[in-house]
Amino acid sequence: MLFVSLVHAAEAPRPNILFILTDDQGYADVGFNGSPDIITPNLDKLAENGTIFTSAYVVHPFCGPSRAGLMTGRYPHKFGSQFNLPSKYGMSGGLGIDVKETFISKVLQDAGYYTGAIGKWHLGETAEFHPNNRGFDEFYGFLNGGHVYFPEKFQKVWKQGRERGQYHSIWHYMKPLEYNGQDVQENEYVTDGLSREAVKFIEKAGKKDEPFFLYLAYNAPHTPLEAKEEDMAMFPNIKDKKRKTYAGMVYAVDRGVKRIVQSLKDTGQYDNTMIVFLSDNGGRPDQGANNYPLQEGKGSVLEGGYRTPMFIHWPKGLHGGNKYKHPVSALDFYPTFANLAGAKVPEHKKLDGKDIWPAVVRNKSARAGENIYVMRHWAGKSDVAVRRDNIKAVKLKHGAWQMYDVDNDPGETQNIVEQNRFLLQELVAEFEIWSWTNVQPQWFYTHNEGATWRKHGMPRFDQTFKIAPIKN
Amino acid sequence: MLFVSLVHAAEAPRPNILFILTDDQGYADVGFNGSPDIITPNLDKLAENGTIFTSAYVVHPFCGPSRAGLMTGRYPHKFGSQFNLPSKYGMSGGLGIDVKETFISKVLQDAGYYTGAIGKWHLGETAEFHPNNRGFDEFYGFLNGGHVYFPEKFQKVWKQGRERGQYHSIWHYMKPLEYNGQDVQENEYVTDGLSREAVKFIEKAGKKDEPFFLYLAYNAPHTPLEAKEEDMAMFPNIKDKKRKTYAGMVYAVDRGVKRIVQSLKDTGQYDNTMIVFLSDNGGRPDQGANNYPLQEGKGSVLEGGYRTPMFIHWPKGLHGGNKYKHPVSALDFYPTFANLAGAKVPEHKKLDGKDIWPAVVRNKSARAGENIYVMRHWAGKSDVAVRRDNIKAVKLKHGAWQMYDVDNDPGETQNIVEQNRFLLQELVAEFEIWSWTNVQPQWFYTHNEGATWRKHGMPRFDQTFKIAPIKN
Amino acid sequence: MLFVSLVHAAEAPRPNILFILTDDQGYADVGFNGSPDIITPNLDKLAENGTIFTSAYVVHPFCGPSRAGLMTGRYPHKFGSQFNLPSKYGMSGGLGIDVKETFISKVLQDAGYYTGAIGKWHLGETAEFHPNNRGFDEFYGFLNGGHVYFPEKFQKVWKQGRERGQYHSIWHYMKPLEYNGQDVQENEYVTDGLSREAVKFIEKAGKKDEPFFLYLAYNAPHTPLEAKEEDMAMFPNIKDKKRKTYAGMVYAVDRGVKRIVQSLKDTGQYDNTMIVFLSDNGGRPDQGANNYPLQEGKGSVLEGGYRTPMFIHWPKGLHGGNKYKHPVSALDFYPTFANLAGAKVPEHKKLDGKDIWPAVVRNKSARAGENIYVMRHWAGKSDVAVRRDNIKAVKLKHGAWQMYDVDNDPGETQNIVEQNRFLLQELVAEFEIWSWTNVQPQWFYTHNEGATWRKHGMPRFDQTFKIAPIKN
């Protein structure tokens with residue numbers, strides 16, 4: 001038997017949940033997914049002693065909507081969060097994820113969990129959208145979509161800007177970090193600072209009776225590409241400067257994970273902590289990332305855009321050494337975590353994902369015959385893809401629908417649409433039905449995107465769901 | 001005295017209400033409106049012993065918005081239901097008539113009525129919009145906008161599609177019928193099946209103490225044109241194949257009405273049952289229908305599109321043998337039924353119609369000096385018409401406003417706009433004021449219609465309410 | 001010490017508030033702002049014994065949105081009231097200022113004030129938007145955006161139109177005035193009628209224990225230009241006919257103010273009544289107004305469009321003879337009045353202004369370092385301006401951003417943008433952030449404006465907030 005029995009798991013105390021999210025990390029950029037050059041020994045050890053998910057999908061190939069899906073358990077297209085927040089100025093001006101969408105953090109908090117968010121937020125910055133008002137007892141990090149890594153750099157620019165009367169017009173990647181709403185002076189390389197705070201949270205949690213939920217959202221290896229010399233020195237064979245820096249940034253995360261694992265062990269919480277590792281979307285090949293064997297990267301609805309590295313490690317709940325090849329969605333964390341925590345989901349809360357745990361512990365597909373959608377709007381068009389079982393149908397910029405067996409052909413090289421015309425009809429029909437409950441975006445990343453949207457009469461789903469007639 | 005006294009009616013037990021709605025039936029396609037070739041002896045008998053309404057208007061010249069107006073008592077433009085639901089796949093994907101709009105069925109149910117809906121629904125298919133959740137104790141029929149009539153035909157196609165993995169992409173006119181949410185196997189020609197279920201409902205109702213409300217929505221004679229040989233054989237003189245089939249379909253409804261009337265008599269409910277007969281919009285001349293003397297048909301805002309055959313038969317409440325020539329609207333059923341049933345309309349429920357009963361029993365106009373509007377959006381424009389008393393103003397596709405005396409000139413042949421310029425100004429002014437509370441459509445029948453709407457900056461009411469300057 | 005002590009004021013009984021709003025009156029068209037030809041002796045006396053505000057801004061350069069801002073304490077762009085109501089027919093067809101926005105009148109009424117509105121309403125005409133349902137015990141006036149001044153004129157046209165069956169299509173400036181929802185026959189020149197009703201209200205208030213809030217909204221000197229001969233005769237030196245008429249209309253207001261002041265004295269309420277005088281937006285130079293030294297007028301975001309004459313007179317609360325040169329906004333009245341009245345603002349009510357009273361009594365800036373925005377959408381573009389302290393940045397029709405020191409250069413003649421590039425960046429950044437919470441307009445003044453809005457993909461904020469790159 002590969003897995004711990006469910007009965008056993010159910011009898012155990014509720015697990016701690018440590019969710020580690022990295023930012024724009026490529027599918028191939030972890031040792032456990034076979035990176036040829038980057039080493040992540042600590043992540044690998046957890047992955048090998050846990051279950052590696054080879055077909056894990058995030059909800060959108062960009063940060064904001066991806067995280068919105070994670071936190072709400074719903075496709076962001078259904079509550080107007082299809083675009084990144086307009087965080088240009090590091091201040092979304094009263095915008096944020098609809099407060100009617102209860103976050104998983106709130107559900108766990110209400111169930112008695114001690115909850116913390118560390119790192120990048122990117123889900124709204126005014127009071128009502130602040131992590132402390134969305135279910136997190138603790139927040140350390142920054143509210144916007146990214147940050148510069150070296151304190152000596154961002155502190156200087158911030159100071160200079162403030163001195164000449166600027167505030168919002170200083171690039172927000174330079175802002176001070178905060179702890180529960182108060183500016184703090186972070187003096188470490190930011191990845192190290194976040195790891196330090198994670199350790200601190202875990203130690204605090206160790207002294208409490210209730211279990212914890214920690215959402216640790218590293219901004220690494222998101223741009224700007226900035227690594228410590230000592231971390232880059234780990235990769236003497238990498239000559240490309242961007243790749244070398246990127247590798248160093250990933251390595252810094254891995255170093256942090258080592259410290260975190262140690263603190264879990266030191267506080268006796270290691271065995272009953274479920275550690276989930278995920279990237280928020282695909283990596284950027286133009287910024288040092290490698291999504292091999294997947295095509296394209298961040299922003300794309302080809303596999304490289306939204307299939308990301310993932311593992312779950314949980315000594316008490318899941319036997320190690322396994323690979324789970326069936327598709328799962330980031331939408332599934334919400335109901336899965338809620339069930340494992342014995343937490344009550346609010347009565348009228350709609351969820352698009354499902355509790356995958358019963359299937360995961362049996363290494364069966366949790367979503368046989370079910371669809372996972374992805375849709376990115378841009379330039380007055382929509383890129384779309386739907387996966388069911390091993391098959392994926394995809395359409396780019398109003399081109400023709402293509403189909404791939406992404407289990408056996410994850411690089412999407414052999415178009416098998418001709419052989420699957422009835423399945424295509426069905427998948428497109430269900431996708432179109434799904435689209436009818438999409439709502440207008442509540443915001444656009446830039447005003448220009450909004451103008452384009454309106455000018456093109458978006459969404460042009462008449463084009464999106466058009467199938468070339470089938471010849472019988 | 002032509003009518004039973006009101007006092008008498010008020011003292012009587014509350015009436016049963018049997019609402020018979022046909023689908024796309026032409027104004028002239030009933031014997032009681034003078035059809036030259038189609039015979040409807042059973043409908044005619046009821047009409048002759050009741051009151052024939054010669055100027056009855058539905059709310060919209062298409063099925064979905066027409067029914068939405070009937071059920072809500074409001075113009076569908078005010079709650080975003082201006083278009084048919086996107087029922088392309090027989091599954092409206094979470095869309096349906098706004099649940100904030102309490103249906104008349106719910107009002108009657110809350111007042112103690114035993115309520116049933118039989119036939120075509122077309123007002124939303126997911127749980128919250130299902131007839132059983134909108135005030136109907138019983139539902140037998142199909143949720144989408146139409147159905148194939150012969151079971152041997154639809155059962156076969158359904159089976160074949162299911163076998164090759166299709167579901168939503170099978171033409172939804174082929175789906176199984178359902179009873180209260182459960183698929184059933186209908187083995188009769190659908191019109192006969194619906195009549196059979198109506199009889200069953202009436203028999204069940206006869207054993208109850210409370211009165212009933214039955215909404216019997218035949219899909220006949222809506223396309224596809226499919227009639228039984230025996231019904232077509234009733235029309236040996238009709239040579240045109242479409243007309244012959246159409247006639248047979250109408251005749252099948254009439255046969256059903258015979259059985260229904262008999263069951264009302266058998267169960268002692270005949271005298272106190274108000275039977276209302278109506279078509280949901282005009283017939284399609286290209287599909288066998290005849291709207292004579294009205295111009296055009298389904299989809300038009302000329303009379304043929306939305307003035308439909310109608311009678312009310314109610315032995316205990318209404319003397320027979322009368323014609324009511326004043327205009328009435330399908331919006332009026334809601335408040336009229338509610339009052340006759342002594343039912344309480346929810347406090348904040350807005351209604352656009354009025355209780356016409358006091359005027360009907362006196363054969364007076366119920367709407368003297370009041371307007372009845374119709375508006376159909378299509379192809380980036382709006383066709384509009386407003387009727388007040390005997391006069392109608394109409395504007396097609398941003399052409400010039402025309403006016404007709406539709407009492408004396410129902411065929412709309414003599415444009416009298418020049419003689420009525422002040423009245424036109426007033427009617428257009430009131431129409432424009434009415435338009436200010438129109439809301440954006442909650443859906444479009446096709447994505448393409450939505451794209452057209454947005455591309456044209458709809459609604460282009462600046463064009464709609466433009467009157468050519470009046471020369472004094 | 002120039003001002004009465006705050007402590008003293010706090011101990012005093014709550015003040016009466018008499019808010020006098022004129023319509024389209026120019027910045028220079030009062031004696032206390034130095035008019036060279038118009039005399040307003042009674043307003044001047046109050047101004048001189050009170051505080052003259054030389055930099056008072058209304059929220060929008062048009063009547064409807066300006067009044068919406070006044071009553072709600074919020075920028076109308078945030079609740080969809082960016083445009084005048086479509087009052088073309090004097091009947092906004094169920095439209096009005098969002099009922100979720102509690103008016104200041106309701107706050108004061110709930111705090112025990114006796115409240116009255118006299119004159120022009122322009123904030124919605126159906127029941128839910130009627131002054132009597134928005135916090136006013138009394139209403140005398142007209143609900144739409146303007147009125148003809150001579151009863152013999154409007155009564156005749158109204159009668160004639162009614163006789164030929166018109167109602168909504170009669171120009172609404174001709175409608176009868178009303179008192180609490182009932183038509184009345186006004187037999188005086190309208191300005192005199194409104195003054196008479198104000199006196200009546202004040203006398204009634206004098207007999208009550210609670211303080212009063214009277215919102216006296218003269219439509220003068222809004223078009224049509226109609227003055228009494230005797231008032232025009234006061235200006236023998238004015239030759240221009242429009243200017244002469246306009247001057248007479250202003251003089252009629254001033255005559256009314258004299259009667260009102262007398263009634264306050266007669267009823268012993270003069271000392272503890274705070275009289276605020278304001279115009280709802282700039283004057284129209286093409287209709288006799290003079291905004292000197294400000295450029296342009298009504299409709300413009302240059303100073304002439306939305307900086308208006310203002311004073312506050314309150315013997316018990318504010319020493320006289322002062323000028324307050326710091327910027328204030330019409331948004332500030334709401335929280336200022338609420339605080340002075342000891343009234344409770346509803347918990348979730350959002351406010352964009354602030355209580356300026358503590359700063360006003362000390363003649364300090366109430367808004368140091370804070371922004372006052374103005375934005376007018378038209379013709380598919382947006383005119384915008386933001387003032388902070390003495391500096392204003394302004395952009396017209398997608399032209400380049402300009403900056404002015406409007407304290408020293410109120411005529412906006414010296415563009416100082418080159419010297420203030422960092423401040424410009426900051427102001428535009430904050431403006432853009434502000435814009436993210438703008439909502440789509442709930443209505444347009446004309447359908448054509450709506451069509452233009454949609455056709456241009458409005459709001460084109462991508463253009464609005466574009467700054468030409470700064471050369472270092």
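These numbers were taken from a predicted model, which means no experiment stands behind them. Below, chains carry the letters A, B, ... as their sequence lines are ordered, and counting in each starts from 1.
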So that I can tick it off, tell me whether [Y] and [X] are bridged by a salt bridge, with the cut-off set at under 4.0 angstrom between side-chain N and carboxylate O.
X: C:Lys78; Y: C:Asp352; answer: yes
X: A:Glu152; Y: A:Lys156; answer: no
X: A:Arg376; Y: A:Asp383; answer: no
X: A:Glu128; Y: A:Arg134; answer: no
X: A:Lys466; Y: A:Asp462; answer: no
X: A:Lys350; Y: A:Glu101; answer: no
X: C:Glu303; Y: C:Lys392; answer: yes

Quiz item: chain A: which of C:Trp434, C:Phe465, C:Phe461 shares the most heavy-atom pairs with it under 4.5 Å?
Solution: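 Of C:Trp434, C:Phe465, C:Phe461, C:Phe461 has the most heavy-atom pairs under 4.5 Å with chain A.
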Exercise. Identify the residues of residues 438-460 of chain C whose heavy atoms come closer than 4.5 Å to a heavy atom of chain A, ordered by number, or report 'none'.
Key: C:Gly457, C:Met458, C:Pro459, C:Arg460
Quiz item: Could you name the residues of residues 70-77 of chain C that have a heavy atom within less than 4.5 Å of a heavy atom in chain A?
Solution: none
Exercise. Verify the ring-centre separation between A:Phe139 and A:Tyr179: is it less than 6.0 angstrom?
Key: no
Practice problem: Can you tell me which residue pairs pass the salt bridge (Lys or Arg N to Asp or Glu O under 4.0 Å) test with a partner in residues 59-73 of chain A, sequence neighbours excluded? | Solution: A:Asp23-A:Arg67, A:Arg67-A:Asp280
Self-check item: Partner set under ring pair (Phe, Tyr, Trp, His ring centres under 6.0 Å) for A:Trp171, not counting sequence neighbours
Solution: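 Checked A:Trp171 against ring pair (Phe, Tyr, Trp, His ring centres under 6.0 Å); matches are A:Tyr173.
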